[in-house]
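Below, chains carry the letters A, B, ... as their sequence lines are ordered, and counting in each starts from 1.
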There are 2 protein chains.
Amino acid sequence: MERLFQFLKIGINEKIYIKDPESTSLGKRIVEESILLIHEIGFEAFTFKKLGQRIGSNESSIYRYFENKHKLLLYLTSWYWGWLEYKLVFATNSITEPREKLKTALAIVTKEVEVDSNFSHINEVLLSKIVINEYSKSYLTKEVDADNKEGYFVIYKRLVNRLSTMVKEVDPTYKYPSSLASTVLEGSLHQHFLRDHFVSLTDCHEKGDPTEYFTELVFNALNNTPNG
Amino acid sequence: MERLFQFLKIGINEKIYIKDPESTSLGKRIVEESILLIHEIGFEAFTFKKLGQRIGSNESSIYRYFENKHKLLLYLTSWYWGWLEYKLVFATNSITEPREKLKTALAIVTKEVEVDSNFSHINEVLLSKIVINEYSKSYLTKEVDADNKEGYFVIYKRLVNRLSTMVKEVDPTYKYPSSLASTVLEGSLHQHFLRDHFVSLTDCHEKGDPTEYFTELVFNALNNTPNG
DNA sequence: CAAATATAATAGTATTACTATCAAAAAATA
DNA sequence: TATTTTTTGATAGTAATACTATTATATTTG
């Protein structure tokens, strides 16, 4: 799995950046260090000036890669969802039994990211924490529809659709496969957040718990049908 | 129901505001018009200066009511959750049968807000849209834990707990009552958002759909147990 | 080695998110 | 009703943000 990322590149919509950060070493440092800095101080307090100071580069140089910090966030989160998508596809590809396939997919999508692959400049553990804390901000804006039209959310949408398709394969009569898929993806981020900040609002305290909770939830939703 | 709000006041943590906006007519206009303005231009572009211009008042006067726009958002969303809590308590109070009670609660919590009560200066329809678009931003910050300690989220937490308790009353053996309750509340906002902006990620297109989807989801989760 | 390209340094603008001060208006109270 | 207190409005000012523009200096590439 890890070795794949040595030669595979996550395909991100080219309109998200001005200049491909993967194409230069400065670009890679921008991505690498922005993850650390956003994780440290949060997206609101994060600025290109601070990032420049941190990587010993100039604010204006960063602006040549990304139009603004919102685009950088779209880039980082797209990378994350693309990375998860690869993991999901590779892990489920060979499985033919629909229930087994869905179960594997749910595990990948809901479990905590704990090991950094160490093969790229991107720290997936910290990036997953950024996604938990900041992803919603990338679409809860007045520009969502325009951004969506530009294709800035395609990877995420494709991931939801993959999950949705797997749900349908388990139960073609289920009325809400897309809602279930989007609830799991979004809900999983939310449960992870609650575990860290609002302990009383979740029961997912043990390791592996969000996975178990969502797996039960999904299979029970599909259970009580003729094909369940 | 509506008449109650003529003499009932939603009890909001006094630390959220500097001066109670309910105590003066300027305060009420601040609240009333901030809802319209945030709905129009979004929370990011919203400033106290713009609000001042709109209500023919001064920026500095608004700062005497709220420390900053984040506190104003906490105020508005607390009001919303308090309002929903009242609706939920009044509607379920007299119901003794646990399944019926939970079903009623789920309907209240997941259905679209469509009618403005017209008895207060607060437009609940627009406020509910603000909650859908902006609520996450009130807690996805580096200051969550401090804000939580100050009690800025008590009403929301109490609402999740009320739902969670109702879940337990239907099935005391269910392992994830709080997670289920928080998933429903958060997931409902999310499905409403998807319906407006990411149509392909949801199946809730018909009126009443989020309610039906979540009701099925919850009862199926509780179904397959000895007490279900 | 020359030409092209990328980066750094500096400066500058408009807006935001406030704080401070003081005068005027409105409300409370004696 | 006069006076005191409180509230609001007007103006000014500061530091930071979110950029853009220009020019000089490196670095890469052909």
Side-chain angles (χ1 to χ4, degrees), chain A residues 14-34 37-38 40-76 121 134 137-138 141-143 146-147 152, chain B residues 14-34 37-38 40-76 121 134 137-138 141-143 146-147 152:
Chain A
E14 294 187 4
K15 281 181 261 171
I16 286 184
Y17 46 76
I18 296 168
K19 178 176 175 162
D20 185 358
E22 287 295 312
S23 68
T24 67
S25 80
L26 177 61
K28 280 177 201 156
R29 267 195 305 143
I30 289 172
V31 169
E32 178 176 14
E33 294 286 330
S34 70
L37 190 53
I38 292 174
E40 267 174 43
I41 65 176
F43 188 65
E44 272 68 46
F46 171 87
T47 67
F48 281 180
K49 189 167 200 173
K50 288 176 190 167
L51 178 60
Q53 277 156 1
R54 188 178 175 121
I55 64 178
S57 178
N58 203 272
E59 196 188 359
S60 57
S61 302
I62 301 170
Y63 274 106
R64 285 200 198 87
Y65 286 84
F66 295 101
E67 219 180 305
N68 50 49
K69 69 175 182 174
H70 186 247
K71 287 280 175 72
L72 172 59
L73 180 62
L74 286 170
Y75 180 88
L76 295 176
H121 51 292
E134 324 286 1
K137 297 170 193 168
S138 77
T141 67
K142 276 285 161 186
E143 297 81 34
D147 286 357
Y152 297 162
Chain B
E14 293 186 4
K15 281 180 263 173
I16 287 183
Y17 46 75
I18 296 168
K19 178 178 177 162
D20 185 359
E22 287 295 312
S23 69
T24 67
S25 80
L26 176 61
K28 281 177 200 156
R29 266 195 306 144
I30 288 172
V31 169
E32 178 176 15
E33 294 285 331
S34 70
L37 189 52
I38 292 173
E40 267 174 41
I41 66 177
F43 188 65
E44 273 66 46
F46 171 87
T47 67
F48 280 180
K49 188 166 199 172
K50 288 175 190 166
L51 177 61
Q53 277 157 1
R54 189 180 175 118
I55 65 179
S57 177
N58 202 272
E59 198 188 0
S60 56
S61 302
I62 301 170
Y63 275 106
R64 289 199 193 91
Y65 286 85
F66 295 101
E67 220 180 305
N68 50 50
K69 69 175 182 175
H70 185 247
K71 287 281 174 72
L72 172 60
L73 180 62
L74 286 171
Y75 180 89
L76 294 177
H121 51 293
E134 325 285 1
K137 297 170 193 169
S138 76
T141 68
K142 278 283 160 185
E143 298 81 34
D147 285 358
Y152 296 163

Original post:
Salt bridge between A:Glu14 and A:Lys19, side-chain N to carboxylate O under 4.0 Å?
Top reply: no

Original post:
So, B:Ser138 versus B:Tyr152: side-chain donor-acceptor pair below 3.5 Å or not?
Top reply: no

Original post:
Over how many whole Å does the gap from A:Glu59 atom CD to D:dT22 atom P extend?
Top reply: 17 Å

**OP:** State which of C:dA17, C:dT7, D:dC19 makes the closest approach to the side chain of A:Asn68.
**Re:** D:dC19

**OP:** Using the ring of B:Phe43 (Phe, Tyr or Trp, six-membered ring only), decide whether B:Lys69 places NZ or CZ under 6.0 Å from its centre and within 45 degrees of its axis.
**Re:** yes

**OP:** Establish, with yes or no, whether the OP1 or OP2 oxygen of D:dA18 is under 4.0 angstrom from a side-chain nitrogen or oxygen of A:Lys50.
**Re:** no

Subject >> Between D:dA16 (P) and A:Gln53 (CD): distance, integer Å >> reply: 11 Å

**OP:** For A:Ile62 and D:dA18, give me the distance from atom CD1 to atom P, rounded to whole Å.
**Re:** 13 Å

Original post:
With sugar-phosphate meaning primed atoms plus P, OP1 and OP2, does A:Ser57 contact a base, only sugar-phosphate, or nothing at under 4.0 Å between heavy atoms?
Top reply: sugar-phosphate

Original post:
What are the two closest non-hydrogen atoms of B:Tyr65 and B:Gly27, and how far apart are they?
Top reply: CE2-CA, 3.7 Å

**OP:** Describe the nucleic acid contact of B:Phe48 in one word from base, sugar-phosphate, nothing, applying a heavy-atom distance below 4.0 Å.
**Re:** nothing

Original post:
Quick one: on DNA chain C, does A:Ser25 or B:Asn58 contact a more 5' nucleotide (nearest heavy atom)?
Top reply: A:Ser25

**OP:** Select base, sugar-phosphate, or nothing to describe what A:Lys49 touches, counting heavy atoms under 4.0 Å on all strands.
**Re:** nothing

Subject >> Atom-pair distance (CG on B:Asp20; C1' on D:dT7), nearest Å >> reply: 15 Å

Subject >> Rounded distance in Å - NZ (B:Lys19) to P (D:dT5) >> reply: 17 Å

Original post:
Taking atom P of D:dG9 as reference, at what distance in whole Å does atom OH of B:Tyr63 sit?
Top reply: 16 Å

Original post:
Is it true that the side chains of A:His121 and A:Glu33 contain a donor and an acceptor less than 3.5 Å apart?
Top reply: no

Subject >> Closest to side chain of A:Thr47, choosing from D:dT17, D:dG9, C:dA9 >> reply: D:dT17

Original post:
What does B:Tyr65 touch in the nucleic acid at a heavy-atom separation under 4.0 angstrom: a base, only the sugar-phosphate, or nothing?
Top reply: sugar-phosphate

Subject >> Length of the line joining B:Glu67:CD and C:dC18:P, which is rounded to integer Å >> reply: 8 Å

Original post:
Roughly how many Å is it from NZ in B:Lys69 to C1' in C:dA17, rounded to a whole number?
Top reply: 9 Å

**OP:** Describe the nucleic acid contact of A:Glu44 in one word from base, sugar-phosphate, nothing, applying a heavy-atom distance below 4.0 Å.
**Re:** nothing

Original post:
For D:dG9, does OP1 or OP2 lie under 4.0 Å from any side-chain N or O of B:Ser61?
Top reply: yes

